[in-house]
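Since the structure comes first, as structure tokens, the remarks are kept for the end.
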Amino acid sequence: MLQDQKMNNREVLISQETIQSRVYELAQKISSDYADEEPILIGILNGVVFFFVDLVKALTIPVTIDFIRASSYGSGTVSKGAITYSKDVEINVKNKPVIIVEDIVDTGLTLNQIIKRIEKKGPKSIRICALIDKGERRSEEVILDYSGFQVEKGFLVGYGLDHDERYRYLQDIFVLK
Ligand code: 5GP
């Protein structure tokens, strides 16, 4: 609790107001790009939940949703490269347009493996929507079709992002020192 109170005294990196207005812009762009289609949005659990819900609620087109759960970080702050799945996509994506929704792309390892996994299921198309594009440690080439914010470095928490399961509930995004 004490740790969380300290976090609340920290400088906010991205405020909830800034997040909301950017999420609204992303939703408008997606709604316009998919005006004639009904995409399947696949959220990568758990960090994406706040972003995912806000994004889907702001869309003005019909969509279906599903989730995939991949773990690469455990309780640390550096990607280990190998990921494990504890929930797979259940909806049939064959010949359907898919948008993968991710919280943060750091090295790009997690996203690239998930893209490959979903590609094998034969979707019509795959686009990527990420709340935060963290370029500092990018080792894989990933094209982010929709990107909320560019952040150079730092381990971020809040708005669904955790460190060892803490801080997800914070409404703003902070840098963990
Ligand atoms: P990557 O495989 O791109 O290195 O890592 C992607 C995943 O690591 C993200 O989905 C996210 O769960 C986690 N991650 C990367 N950077 C951060 C960060 O700054 N804060 C938090 N909370 N998670 C991060």
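Heads up: numbering here begins at 1 and tracks the sequence. Both ligands and their constituent atoms are indexed starting at 1 by order of listing.
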Rounded to the nearest 0.5 Å, how far does NZ of Lys96 lie from CD of Glu37? 11.5 Å
Short N-O contact, Glu25 and Arg22, less than 4.0 angstrom: yes
With heavy atoms and a 4.0 Å threshold, my read on which part of Arg137 contacts ligand 1 is neither
Looking at Glu102, which atoms of ligand 1 are within less than 4.0 Å of one of its heavy atoms? 9 (C), 10 (O)
Which part of His163 is near ligand 1, with near meaning a heavy atom under 4.0 Å away: side chain, backbone, both or neither? neither
Grab the two heavy atoms, one from Arg117 and one from Ile68, that are nearest each other, plus how far apart they are. CD-CD1, 4.0 Å
Please determine if Phe155 has a nitrogen or oxygen closer than 3.5 Å to a nitrogen or oxygen of ligand 1. no
Closest approach of Leu26 to Gly148 (non-hydrogen atoms, all atoms of both residues): CD1-CA, 3.9 Å
For ligand 1, is there an N or O atom under 3.5 Å from any N or O atom of Leu161? no
So is Asp103 touching ligand 1 or not, going by heavy atoms under 4.0 Å? yes
Contact between ligand 1 and Val157 is defined here as a heavy atom of the residue under 4.0 Å from a ligand atom; is it met? no
Heavy atoms of Gly108 and Val142 approach each other most closely as CA-CG2, 3.8 Å
Ligand 1 atoms nearer than 4.0 angstrom to some heavy atom of Gly154 are 19 (O)
If you measure from each heavy atom of Gly108 to ligand 1, is any distance below 4.0 Å? yes
Close approach of Asp162 to ligand 1, heavy atoms, under 4.0 angstrom: yes
Heavy-atom closest pair (Tyr34 atom, Tyr146 atom, distance to 0.1 Å) is CE1-OH, 3.5 Å
Compare every heavy atom of Asp133 with every heavy atom of Ser147, then report the nearest pair and how far apart it is. OG-CB, 3.6 Å
Do the side chains of Asp66 and Lys87 get close enough for a salt bridge, i.e. N-O under 4.0 angstrom? yes
Could you establish whether Ala70 and ligand 1 come within less than 4.0 Å of each other, counting only heavy atoms on the residue side? no
Enumerate the atoms of ligand 1 whose separation from the nearest heavy atom of Thr110 is less than 4.0 angstrom. 1 (P), 2 (O), 5 (O), 6 (C)
Determine the minimum heavy-atom distance between Phe174 and Val12, stating which atoms define it. CE2-CG2, 3.8 Å
If we number the atoms of ligand 1 from 1 as shown, the ones under 4.0 Å from a heavy atom of Thr107 are 1 (P), 2 (O), 3 (O), 4 (O)
